[in-house]
Amino acid sequence: MQKRKVVLTFPPSLIDQPVTYHLIRDYDLVVNILKAKISPKEEGRLMIEISGKRESLQRGMNYLQELGVEVQPLAQDIIWLEERCTHCTACASICPTKAIAVDRKEMKISFDKEKCIACELCVSVCPYKAIEILF
Ligand code: SF4
Ligand code: SF4
């Protein structure tokens with residue numbers, strides 16, 4: 001069983017399509033909608049947590065891409081606002097993937113987006129709102 005947080009971007013022509021319904025029914029996936037920004041005649045965005053067997057997830061992702069839905073890991077939407085950061089390191093100790101690392105010599109943190117799995121733990125722990133989700 002695998003779980004991913006992704007952002008789906010729909011062109012206007014697909015906004016009315018029951019895409020999440022198909023993911024659940026036809027691909028045997030569990031879909032949890034976390035946020036949605038959809039307005040008629042405009043591009044829509046859906047933040048979802050999706051889980052299921054590895055093969056089912058792959059098939060579901062292929063279905064979305066063939067349909068013309070852009071799929072992007074939520075981690076791409078996590079941003080570190082360095083100018084707000086005081087390098088208190090509170091977030092580094094809870095980051096499960098070491099996407100946030102501390103340079104012990106300089107006592108400064110750095111953020112590696114490629115390692116981020118968008119668990120959002122750092123977002124809630126940061127007292128200065130230096131980590132945000134762009135959605
Ligand atoms: S969202 Fe999770 S994985 Fe990504 S930087 Fe924050 S704590 Fe680390
Ligand atoms: S918790 Fe916030 S202020 Fe502290 S190091 Fe992390 S991003 Fe910077």
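By convention here, the first residue in the shown sequence is residue 1. When a ligand or atom number is given, it counts from 1 through the structure's own listing order.
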Of all the atoms in ligand 2, which lie at a distance below 4.0 Å from a heavy atom belonging to [X]?
X	answer
C126	1 (S), 2 (Fe), 3 (S), 7 (S)
Y128	3 (S)
I131	7 (S)

Review point. Any side-chain heavy-atom pair from I100 and S110 closer than 4.5 angstrom?
Key: no
Under 4.0 Å to a heavy atom of [X] - the qualifying atoms of ligand 1, by number:
X	value
C122	1 (S), 5 (S), 6 (Fe), 7 (S)
I100	5 (S)
F111	5 (S)

Review point. Is there an N/O/S atom in C95 at a distance below 2.8 Å from atom 8 (Fe) of ligand 1?
Key: yes
**Study point:** N62-Q58 side chain donor-acceptor pair, cut-off 3.5 Å
**Key:**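 There is such a pair (donor and acceptor under 3.5 Å, judged by atom type) between the side chains of N62 and Q58.
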Check your understanding: Does D77 pair with K113 as a salt bridge, N-O distance under 4.0 Å?
Key ->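 A salt bridge is absent here (no side-chain N lies under 4.0 Å from a carboxylate O).
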Review point. Looking at E43 and K37, does any basic side-chain N land under 4.0 Å from a carboxylate oxygen?
Key: no
Just to confirm my output: which protein heavy-atom neighbour is closest to [atom], and how far is it?
atom	answer
atom 1 (S) of ligand 1	E120 N, 3.3 Å
atom 5 (S) of ligand 2	T89 N, 3.3 Å
atom 4 (Fe) of ligand 1	C116 SG, 2.4 Å
atom 8 (Fe) of ligand 2	C85 SG, 2.3 Å
atom 6 (Fe) of ligand 2	C91 SG, 2.3 Å
atom 2 (Fe) of ligand 1	C119 SG, 2.2 Å

Exercise for review: Could you establish whether I109 and ligand 2 come within less than 4.0 Å of each other, counting only heavy atoms on the residue side?
Suggested key: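 Checking ligand 2 against I109, which is what was asked, there is a heavy-atom contact under 4.0 Å.
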Calculate, to the nearest 0.5 Å, the distance between atoms [atom1] and [atom2] belonging to [X] and [Y] respectively.
X	Y	atom1	atom2	answer
Q76	L134	CD	CG	11.0 Å
I50	L57	CD1	CG	5.5 Å
T9	E70	OG1	CD	4.5 Å

Revision key, fill the gap. Any heavy atom of T97 under 4.0 Å from ligand 1? The part involved is side chain
Check your understanding: Which pair of heavy atoms, one from L14 and one from L67, lies closest together, and at what distance?
Key ->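 Nearest pair, atom of L14 first, then L67: CD1-O, 3.3 Å.
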Check your understanding: At under 4.0 Å between heavy atoms, which part of R84 makes contact with ligand 2: side chain, backbone, both or neither?
Key ->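 It is neither part, as no heavy atom is under 4.0 Å.
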Review point. Counting distance only, does the side-chain N/O of T97 pair as donor-acceptor with the main-chain N or O of K115 below 3.5 Å?
Key: yes
Practice item. Please answer whether the main-chain N or O of A118 pairs with a side-chain N or O of K5 as donor and acceptor at a distance below 3.5 Å. Key: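 Here the side-chain-to-backbone pair exists.
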